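Numbers restart at 1 for each chain; the letters A, B, ... are given by sequence-line order, proteins then strands. Computed from a predicted structure; not experimentally measured.
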Amino acid sequence: MIIREAKINNSIKRLDIMQNKLSTDINPDILKIIQAHFSNLEELELQEEIAIHGQLLQLKHGETLMDYGGFIKLVPLVVKGVIKIIREDENGNEIFLYFIQGGESCTMSFSCCIQNKRSEIRAEVEDDAIIIGIPVQHVDAWMSKYQSWKNFIMSSYDARINELIYAIDSIAFSKMDERLINYLEDKSHALDTKTIHTTHQNIAHDLNASREAVSRLLKKLEKEGTVKLGRNKIELL
DNA sequence: ACATTAAGTGATT
DNA sequence: AATCACTTAATGT
């Protein structure tokens with residue numbers, strides 16, 4: 001598989017500054033990927049359009065895909081890997097919102113690009129990822145042209161809104177324990193492993209909580225037998 | 001062996 | 001649940 005490497009400035013790749021590809025050829029790699037990972041996108045014509053206009057991008061852990069205030073020129077379809085979506089306040093307090101993984105797309109980017117608004121969130125690569133970037137003008141145009149594209153976007157909204165509602169009430173009712181469990185399960189599922197390699201400090205940062213609180217809750221979970229703890233390591237049982 | 005970083009604990013607010 | 005102060009444990013040099 002041929003993967004086009006985009007230029008990297010200080011290891012940051014931003015969708016709002018990437019250039020569109022000037023080509024009318026169908027990229028056979030993209031076509032295969034779409035058929036294998038995005039089977040919901042049924043119309044062959046749509047698949048071919050994605051293969052013509054999409055750009056295959058490889059992203060490494062820690063890169064920033066999208067940042068606050070940025071305009072978006074490409075909407076990412078995540079083929080492989082995991083993208084972490086984060087919200088941040090004026091003081092730099094970050095709060096983890098959700099992960100995007102293979103077969104999914106970034107819902108926030110739809111609303112941003114369709115209404116040409118600036119990003120309200122930050123997207124970071126959590127696990128090395130491969131994405132197909134769709135230039136925004138097509139995202140909009142395909143909505144009325146292809147039923148399955150519209151459905152894809154709508155169900156993406158639906159899934160995300162449900163997640164956000166859950167996130168809101170666990171934050172509003174300060175259910176730290178639930179948030180932690182949810183975070184661990186989410187991460188385990190996204191990275192497809194039972195063993196999570198991270199520190200209590202990092203988790204605390206994502207959940208906007210104190211390290212001690214996370215440590216204590218994890219300790220409690222260990223006593224209950226739901227996890228096994230190690231240095232830089234949490235095993236889900 | 002020593003320094004650094006991660007994690008555990010109790011007390012206080 | 002946050003913060004502080006401190007201890008203990010693991011890991012790197």
Tell me whether A:Lys145 is salt-bridged to A:Glu43, with the criterion being a basic N under 4.0 Å from an acidic carboxylate O. no
Between the OG1 atom in A:Thr226 and the CG atom in A:Leu184, the distance rounded to the nearest 0.5 Å is 9.0 Å
Taken to the nearest 0.5 Å, the spacing of A:Ser148 OG from A:Leu41 CG works out to 5.0 Å
Open item on the list: Using a 3.5 Å distance criterion without hydrogens, assess whether the side chain of A:Arg122 forms a donor-acceptor pair with backbone atoms of A:Glu88.
Closed with: no
*May I ask you to decide if A:Ile171's main-chain N or O and A:Ser174's side chain share a donor-acceptor pair within less than 3.5 Å?*
no
Requested in this report: Decide yes or no on side-chain contact (heavy atoms from CB on, under 4.5 Å) for A:Trp142 and A:His53, but give the supporting numbers first.
Outcome: CA-CA 12 Å; A:Trp142 294 344; A:His53 302 290; 4.2 Å; yes
Whole-Å distance, A:Ile95 CD1 to C:dA1 P, equals 13 Å
From CZ of A:Arg211 across to C1' of B:dA7 the rounded distance in Å is 6 Å
Separation between CD (A:Glu45) and CD (A:Gln47), nearest 0.5 Å, reads 11.0 Å
Review point. Looking for any heavy atom pair under 4.0 Å, which part of the strands does A:Thr199 touch: base, sugar-phosphate only, or nothing?
Key: sugar-phosphate
Atom CD1 of A:Ile203 and atom P of B:dG8 are separated, to the nearest Å, by 11 Å
Sorted by number, residues from residues 215-232 of chain A placing a heavy atom under 4.0 Å from DNA chain C are A:Arg216, A:Arg231
From CD1 of A:Ile196 across to P of B:dA7 the rounded distance in Å is 13 Å
Under a 4.0 Å heavy-atom cutoff, the residues of residues 163-181 of chain A touching DNA chain C are A:Ser174, A:Met176
Here the distance between atom P of C:dA1 and atom CD of A:Glu212, to the nearest Å, is 13 Å
Can you label the angle between the A:Phe110 ring and the A:Trp149 ring as parallel, tilted or perpendicular, going by 30° and 60°? perpendicular
>> Any side-chain N or O of A:His200 below 4.0 angstrom from OP1/OP2 of B:dT5?
In response: no
